[in-house]
Structures are given as C-alpha cells and as structure tokens.
Amino acid sequence: MSAFHADIGFEFGIPDIVHGRPMSIDAGDLLGWFDNAERDLPWRAAGVTPWQILVSEFMLQQTPVARVLPLWTDWVARWPTPSATAAATPADVLRAWGKLGYPRRAKRLHECATVIARDFADVVPDDVETLEQLPGIGSYTARAVACFAYRKPVPVVDTNVRRVVARAVHGRADAAGPSAKRDHADVTALLPDSARAARFSAALMELGAIVCTARSPRCDSCPLRERCRWRLAGSPSADGPRRPAQRYAGTDRQVRGRLLDVLRDKEFSVTRAEIDVAWPMDAVQRERALASLLDDGLVEQLADGRFALPGQDRNDSTASR
DNA sequence: CAGACGTGGGG
DNA sequence: TCCCCAAGTCT
C-alpha cells in the first residue's frame with residue numbers, strides 16, 4: 001500500500017499506471033457517469049442555436065445555473081438571433097437582465113449581437129480566435145461556444161474544470177492560480193478522440209459543478225474516485241494562503257447596483273434627486289459610482305440633466321424637447 | 001497581474 | 001450572522 005502511494009509522482013508528468021489503466025482521468029469513466037448524471041439544462045436541448053448557447057454562456061459567467069434558469073428561456077424566445085438582440089435598445093436588454101448581476105455583461109452581449117449581425121451575417125463565428133475578438137467573449141466563452149455549439153474538440157477551461165484537474169490529476173485540494181497555457185495543455189492531454197471531446201468537456205464541467213464541488217466534494221459518488229490523485233493522497237486540505245474574501249456591503253459595486261436598480265424600475269428617466277435617495281449616505285461615493293456607470297455606458301444623462309438607461313425611450317410627458 | 005465588477009443562496 | 005463562492009472579462 002505504501003509502495004502504491006510511492007508511485008504517485010504527481011510532481012512529474014509521468015503517466016502512472018494503476019490497475020493496468022492510465023492514471024488521472026479516464027474518458028470512459030467520466031462519459032459513462034455523464035450519460036446518467038447530466039442535468040437537463042434547457043440550453044443543452046436539441047435545436048438550440050449557437051447564438052442561444054452564447055447567450056447562456058454570457059449569463060453563466062460568474063453566475064450560478066439556478067439563477068440563469070428562470071431568465072434564459074424567455075430571453076431567447078424574445079430575442080432568438082443576434083439581429084433581434086441588436087434591434088433592441090441597451091435599455092431593453094438591461095431591464096431584461098434584471099438582477100442577474102454584472103450588468104456590463106448585458107451591455108456587452110448587446111454589443112456582441114450588434115457585431116455579429118453587422119459583420120458576420122448574423123451567424124456566430126465557430127472558431128476560437130474570431131470569437132475571442134467579440135465584446136464580452138474571453139478565452140472561456142470562446143471555447144465553450146466552439147465546443148458546445150459547434151462540437152469542436154478544443155479544451156474548455158472554467159473554474160470547474162480547473163478544480164477537477166487540480167484534484168484528479170495533480171492531487172491538489174484546489175486549483176492554483178489560472179494559467180491559460182498550462183490549463184489548456186492539461187485539458188488537451190485529457191481530451192479523448194474528437195468525436196467525444198465536446199461531450200467530455202461538458203462532462204468535466206458537470207462533474208465539477210455537481211460532484212467535485214469547491215466546498216464539500218461528494219467523492220463517494222464520483223466516477224473518478226478510484227484514480228483521483230487527491231483522494232489517493234488522502235484528500236489533503238489546501239495549503240496555500242486563502243485569498244482574502246471580497247467585501248460587497250458598502251463598496252462602489254453595491255452603490256452601482258443600487259443606482260441601476262432605480263433606473264431599471266423607472267419606465268422613463270429619473271431626476272438627480274431620485275438618484276440621490278438611492279444612496280443618501282455618501283455623496284462622494286454616489287457620484288463616483290454614477291460617473292463609472294456613465295463611463296461604462298450603463299447609464300446616460302439626457303439633455304435636460306435627467307438620467308436614463310442607454311437608448312431609453314424618452315417619449316414621455318416629462319421629456320424635454 | 002491584481003483588482004474591479006452584482007447578486008443571492010447555502011453551509 | 002457571516003463567509004464563501006458561482007460556466008469570467010477587462011484593464
């Protein structure tokens with residue numbers, strides 16, 4: 001048993017053999033599990049278009065599935081294509097986004113739709129390089145779209161994948177700092193034949209999302225438990241320093257959220273006074289938050305000094321002429 | 001590269 | 001209650 005453990009040289013890229021099979025993650029194990037455990041998420045249904053998948057990826061950035069679920073279906077029914085989305089005003093899009101969080105994503109999604117409608121004939125690009133150039137699309141989202149919408153065998157690395165790889169392959173309690181080059185190399189090495197690669201990536205993410213979770217992993221029901229290096233090493237706890245938890249209460253982010261909330265709820269524009277009551281405690285902070293919202297294009301000031309969501313319909317009785 | 005950027009639910 | 005964290009992107 002001790003000799004067994006001695007063979008686990010996870011400091012090196014040696015493809016160790018356990019029970020006659022390669023170490024780390026076996027595609028068959030993972031895919032077999034996924035066939036039964038896959039969640040029935042609406043954006044995975046047959047007939048969902050690349051654009052609609054892209055919308056789900058925007059919404060899922062730093063946001064739990066449970067909070068995206070109630071929004072996505074109505075959203076894609078209302079704006080099924082890039083051109084339909086582009087035809088809406090940013091204000092419409094920001095309102096539909098509601099309190100999903102990080103409203104800049106909504107703005108970028110609208111910008112992304114505009115570019116795709118105008119420059120790509122309303123067709124979402126299928127290659128990572130092109131996708132990465134679009135507003136709001138970074139390395140993860142570009143790969144997710146290429147993989148999940150177009151079935152391309154590209155590595156898709158999100159926080160779930162990084163955690164699963166850190167544990168199962170590297171024997172660490174959690175992922176080290178992100179490193180695109182290393183992360184992609186890690187996953188590329190795991191990818192099975194191109195026919196199964198896309199589903200493998202979906203399965204890897206799914207495992208991290210519902211089994212190999214950050215807080216309390218359910219190793220007992222993990223399809224990788226027999227060869228997971230972290231588990232074989234005795235599931236050691238994390239060693240490195242915890243990065244300080246980010247505060248929210250009292251931050252500019254909270255103020256921005258509060259101000260935007262006022263604008264979302266008003267049908268037309270609002271006065272400076274209405275902005276002020278949304279955050280009366282600190283005028284300096286309030287002005288800073290408002291300025292940043294203006295700067296981000298999330299809010300605009302009208303000629304009469306009132307504030308509104310960008311592209312907001314001004315045709316109300318109080319609008320100046 | 002560290003820090004900003006929303007929001008709310010679960011342990 | 002408080003803290004952690006959830007399919008990242010941009011500067």
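A/R163 comes within contact range of the sugar-phosphate backbone alone, with a heavy-atom separation under 4.0 Å but no base atom that close. Using a 4.0 Å heavy-atom cutoff across all strands shown, A/T159 reaches sugar-phosphate atoms only and no base atom. Base contact: A/W43 has a heavy atom under 4.0 Å from a base atom. A/R247 comes within contact range of the sugar-phosphate backbone alone, with a heavy-atom separation under 4.0 Å but no base atom that close. Within the nucleic acid shown, A/T251 has no heavy atom closer than 4.0 Å to any nucleic acid atom.
Near DNA chain C, meaning a heavy atom under 4.0 Å from it, residues 63-75 of chain A has A/P64, A/V65 in order of number. Near-neighbour residues of DNA chain C inside residues 209-221 of chain A, defined by a heavy atom below 4.0 Å, number-ordered: A/A209, A/A214, A/R215. If you check residues 180-203 of chain A against DNA chain C, you find no residue with a heavy atom closer than 4.0 Å. Less than 4.0 Å separates DNA chain C from no heavy atom of any residue of residues 254-261 of chain A.
When rounded to the nearest whole Å, the span between CZ of A/F58 and C1' of B/dC5 equals 15 Å. Rounded to an integer number of Å, the gap from CG of A/L298 to C1' of B/dG6 is 11 Å.
Considering only the side chain of A/R253, B/dA4 comes nearest among C/dA7, C/dG8, B/dA4. With B/dG8, B/dC5, B/dG6 as the choices, the nucleotide that has an atom nearest any side-chain atom of A/R105 turns out to be B/dG6.
For A/Y248 and B/dT7, the shortest distance from a side-chain N or O to OP1 or OP2 is below 4.0 Å. For A/R104 and C/dT11, the shortest distance from a side-chain N or O to OP1 or OP2 is not below 4.0 Å.
Applying the side-chain hydrogen bond (donor to acceptor under 3.5 Å, both in side chains) definition to pairs two or more places apart or across chains, those involving residues 273-282 of chain A are A/T271-A/E274, A/D276-A/R286, A/W279-A/Q285. Judged as a salt bridge (charged side-chain N to carboxylate O under 4.0 Å, His left out), the pairs with a partner in residues 85-106 of chain A (not counting sequence neighbours) are, in order, A/K99-A/D261, A/R104-A/D296.
Applying the 3.5 Å distance criterion, the base of C/dG8 shares no donor-acceptor pair with the side chain of A/Q61.
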